[in-house]
Protein chains: 2
Amino acid sequence: MDNRIKVLRAERDWSQQTLADKLGVSRQAVNAVERGKHDPSLQLAFDIASQFNLRIEEVFFPITKSATEDKASA
Amino acid sequence: MDNRIKVLRAERDWSQQTLADKLGVSRQAVNAVERGKHDPSLQLAFDIASQFNLRIEEVFFPITKSATEDKASA
DNA sequence: ACAATATGTAAGGTGTGTTTTACATATTGT
DNA sequence: ACAATATGTAAAACACACCTTACATATTGT
């Protein structure tokens, strides 16, 4: 999952540790999500977006099938 | 995690199985998410919102700390 | 009455998100 | 030179999302 966390942190001059503390998760968790090593839980995604005062869709970018595509019939 | 999946399905007259097929997951996965038994992965949350042509925030409702609240200093 | 569909639920297994601990490197300030 | 901070990374353990299989109940159509 692609995301803009690194840039959003930089804009606010937050370290990974700073963000981790705000979120109540480990620095490694922030690092892994930021680098796309794995996806955050939905709850953590909400929390991250909230810290940046953005919506989830403004922070995270899945490899997006079009909204109308139907996996079953595609 | 609270959500509006049941209503959104009803508006479209989709069964849990129908939605599951569209998402490429099991009916039980849809049932569990819909009933709040557990949260979907972020990817699945994106896919669900996409099927309803809505944003994640219009489908899922976390127990929301205010956007400006800081867990570390609250 | 019977078959088919829709939903809820449970058990057991696999994959992965998150944790703690730990080490390495680069950068900055003194 | 030294200390402190920021970042990347790894291993081992735990929690849980999601799977398959299976059964129960209710509703609908014939």
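The chains referred to below are lettered A, B, ... by the order of the sequence lines, with proteins before strands, and numbering in each begins at 1.
Nucleotide D/dA10 forms a pair with C/dT21, judged by Watson-Crick or G-U wobble geometry with both contacts under 3.5 Å. Look at D/dG29: its Watson-Crick or wobble partner, with both distances under 3.5 angstrom, is C/dC2.
Atom CG in B/Leu23 sits roughly 10 Å away from atom P in D/dC18 (whole-Å rounding). Counting to the nearest Å, the P atom of C/dT5 and the CG atom of B/Asp21 are 13 Å from each other. Computed from coordinates, the A/Gln43 CD to C/dG17 C1' distance equals 14 Å when rounded to whole Å. Following rounding to the nearest Å, A/Gln28 (CD) and D/dC14 (C1') show an atom-to-atom distance of 16 Å. What separates CG of A/Asp39 from P of C/dG17 is a distance of 6 Å, to the nearest Å. Straight-line distance from the CZ atom of A/Arg27 to the C1' atom of C/dG17: 17 Å, rounded to whole Å. The interatomic distance linking B/Phe60 (CZ) with D/dA17 (P) rounds to 12 Å, in whole Å. Counting to the nearest Å, the C1' atom of C/dT25 and the CD atom of A/Gln16 are 14 Å from each other.
Between the side chains of A/Asp47 and A/Gln43, at least one donor N or O lies within less than 3.5 Å of an accepting N or O.
Here the side chains of B/Ile56 and B/Leu42 are in contact, with some heavy-atom distance below 4.5 Å. In this structure, the side chains of B/Arg4 and B/Phe60 stay at 4.5 Å or more apart for every pair of heavy atoms.
Between D/dC16 and A/Ser41, no contact under 4.0 Å exists linking OP1 or OP2 to a side-chain N or O. Within the structure, a side-chain polar atom (N or O) of B/Arg9 is placed less than 4.0 Å from OP1 or OP2 of C/dT7. Note on A/Asn31: every side-chain N or O is 4.0 Å or more away from OP1 and OP2 of D/dT7. Between B/Ser26 and the phosphate of D/dC19, there is a side-chain N or O to OP1/OP2 separation shorter than 4.0 Å.
Mapping B/Trp14 and B/Lys37 onto DNA chain C by nearest heavy atom places B/Trp14 closer to the 5' end of the strand. Both B/His38 and A/Ser15 sit near DNA chain D, but only A/Ser15 has its closest nucleotide nearer the 5' end.
Checking side-chain atoms of B/Arg27 against main-chain N and O of B/Ala20 turns up no donor-acceptor pair under 3.5 Å. Counting only distance, with no hydrogens or angles, the side chain of A/Asn3 and the backbone of A/Val33 share a donor-acceptor pair below 3.5 Å.
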